[in-house]
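All remarks here apply to the structure that follows.
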Amino acid sequence: MPNPFYDRDIVSIRDFTRNDLEYVFSATDKIRSLEASEKSELGKGRTLGYIFYEPSTRTRMSFEAAMASLGGSSIGISDLKSSSVEKGESLADTIRVIDLYSDIIVLRHPMDGSSRFAAELSKNPVINAGSGSEEHPTQALLDLYTILKEKGRIDGLSIAIVGDLKYGRTVYSLLYGLTNYKVNVHLVAPPLLQIRKESIYEVHSKLRIQEHSTLDEILPELDVIYVTRIQKERFPDLQEYEKVRGTYTIDTSTLAKAKPDVSVMHPLPRMDEISHSVDSTKNAVYFRQAGYGKELRAAVLALMLNEKPF
Amino acid sequence: MSDTSQLLVRRIRDGTVIDHIEPGKALVVLRALNITGREGNVITVALNVPSSKHGKKDIIKVENRFLETDETNKLALIAPHATINIIKDYRLVEKRKILLPDSIVGIFKCPNLKCISNSGEEIRSSIDIIDKEKLVLKCRYCTRTLSTDELIF
């Protein structure tokens, strides 16, 4: 199969077929098996340019670490106060300039569709590292890879996605990615934070979805609990935030009612939605999940930069 | 066209007649087609003309301009029942219905205020019609689905 990621934008996970997903997962396995010296040839002399209009720890650092592991370098802006954005420069102009300095652009921006717009302007490929509450496709790739590695398969699993389903962009990308598999999806959220119907119109025909307001009733059948943070910054009204924060805390008493091997995932950062008492259990997958992120992003970058990387 | 409307709107020699526009929508149609009158052609707009078929209708006559199919198909979401009559030398040479295009660019705004197409960037809105039977639309940028009622000019 030809490399489907070469010189291609990663704006939405909806653009990828199951074959594409399996291709990137197998490339991630390959990256993990390479010696450091072999890996460092894959991005040698290449530059990743990033701009983060919103805060980020894992995504930005894992992209930088991934590019470094390929022998490439990263340049970019994560503090807008020190950039021309602060002077009022448009996103379009910023992208055009970064495009001149880099081989791949990584963008995080608070507006939905921002990466699609950037990809239209840029000659070099654009990676969406979070576009408003729309999508975060590389997070979904690493989430799916984590499920595959932890459970050995994705088909046939019961997966609950819990928490902020309205504003959480990782939720939408994960749902879109899961449409390539035969899974049972349970969406668990308080009424204020339920999934946006206008963003999953095409998902319903491809995925079995059930919606719930509590987790207890479905706990015994779940293989994966994907917990998301109730995002304070997405609430126009802080009083509404206070009403729902901590609504679905996962702790050891939650785990006691679930399958012994249930995997608890989280895109991080977490607040109080997963108790620290869960961290030491075998069910806690979230830190390994973040670890897979660097290797998966290295695989994605290697595939985008090289027609035949391996 | 009924006799009454004939009295209200004069015949044209060359140009386009947009007939059977839903009553009250003619001004929106003008805007969608970017018909401003600045080019100097005579443009006649009739609102709430009595119609034997629909009770009332709006009519637009644009003289000396022959609207192309690509242009008039933009009206699919505003005036789906309108008919386009191309007139040459007082004779009807083409009569066509409006067909739903696959997408409509630069006319409607996405209702999602957090969509990049509403950000003030140099960007043209683009609305795809993903289900022509149920009239389900999708913003090409934020990818949210919407109904025709939610479209913003």
Side-chain angles (χ1 to χ4, degrees), chain A residues 9 11-15 53-54 85 88-96 107-122 126 128 130-137 166-169 172-173 175-176 179 195-206 231 233-236, chain B residues 28 31-32 34 70-71 73-80 98-153:
Chain A
D9 300 308
V11 166
S12 166
I13 198 160
R14 281 179 283 191
D15 299 334
Y53 287 76
E54 288 183 320
V85 173
E89 186 177 53
S90 67
L91 172 64
D93 284 1
T94 305
I95 291 296
R96 285 187 185 110
L107 172 69
R108 172 169 290 182
H109 192 278
M111 301 291 274
D112 302 344
S114 45
S115 283
R116 199 163 282 102
F117 176 53
E120 287 175 0
L121 297 168
S122 170
V126 170
N128 179 0
S131 49
S133 53
E134 181 209 4
E135 275 226 48
H136 191 352
K166 185 171 185 181
Y167 300 105
R169 55 191 165 213
Y172 292 91
S173 286
L175 269 178
Y176 302 148
T179 58
I195 202 92
R196 297 188 307 266
K197 299 287 182 285
E198 63 271 27
S199 295
I200 59 162
Y201 179 79
E202 290 138 314
V203 171
H204 275 293
S205 60
K206 300 173 187 164
Q231 300 184 72
E233 64 269 28
R234 303 272 173 231
F235 279 80
Chain B
V28 183
R31 204 163 136 193
N34 198 25
D70 287 354
E71 290 179 279
N73 281 351
K74 289 176 185 172
L75 303 181
L77 302 179
I78 311 165
I98 287 167
L99 294 174
L100 266 177
D102 294 331
S103 62
I104 297 179
V105 177
I107 295 181
F108 303 105
K109 277 188 181 174
C110 173
N112 173 11
L113 295 177
K114 294 275 284 172
C115 176
I116 191 74
S117 66
N118 288 319
S119 63
E121 293 281 340
E122 41 174 309
I123 186 169
R124 295 183 83 197
S125 73
S126 186
I127 306 287
D128 294 331
I129 295 141
I130 58 166
D131 187 331
K132 290 189 177 178
E133 272 179 31
K134 293 181 190 160
L135 264 187
V136 181
L137 320 174
K138 184 159 105 172
C139 171
R140 192 175 294 172
Y141 287 97
C142 73
T143 70
R144 293 194 189 186
T145 50
L146 54 142
S147 67
T148 50
D149 299 340
E150 294 173 277
L151 288 169
I152 299 170
F153 260 97

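Worth knowing before you read on, the calculation uses all heavy atoms, side chains too, and leaves out hydrogens, waters and symmetry mates. Within every chain, numbering begins at 1; the chains are lettered A, B, ... in the order of the sequence lines, protein sequences first and strands thereafter.
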Which heavy atom in B/K114 sits nearest to a heavy atom in A/P110, and how many Å separate them?
NZ-O, 3.4 Å
Can you confirm whether B/T145 sits close enough to A/R196 that some side-chain heavy atom of one is under 4.5 Å from a side-chain heavy atom of the other?
no
Which value, rounded to the nearest 0.5 Å, describes the distance between A/D112 atom CG and B/S119 atom OG?
11.0 Å
Heavy-atom pair of closest approach, residues A/M111 and B/C115:
CE-O, 3.3 Å
Looking at B/R31, I'd like to know if its CZ atom is crowded, meaning that more than 12 non-hydrogen atoms belonging to other residues, nucleotides or ligands lie closer than 6.0 Å.
no
Which atom pair, heavy atoms only, marks the closest approach of A/R116 to B/R140?
CD-O, 2.9 Å
Pick whichever of A/S199, A/S131, A/S114, A/S115 has the most heavy-atom pairs under 4.5 Å with chain B.
A/S114
Working to the nearest 0.5 Å, report the span between OG of A/S133 and CG of B/N112.
7.0 Å
Just so I know, are the side chains of B/E121 and A/F117 near enough to count as touching, which here means a heavy-atom distance under 4.5 Å?
yes
In Å and rounded to the nearest 0.5 Å, what is the SG to CD distance from B/C139 to A/E198?
12.0 Å
Decide yes or no for A/E135 and B/T143: does some side-chain heavy atom of the first lie under 4.5 Å from some side-chain heavy atom of the second?
no
Separation between CD1 of B/I123 and CD of A/E120, rounded to the nearest 0.5 Å
6.5 Å
Just wondering, are more than 12 heavy atoms of other shown residues or ligands nearer than 6.0 Å to NZ in A/K166?
no
Heavy-atom contact with chain A under 4.5 Å, split by part of B/I130:
side chain
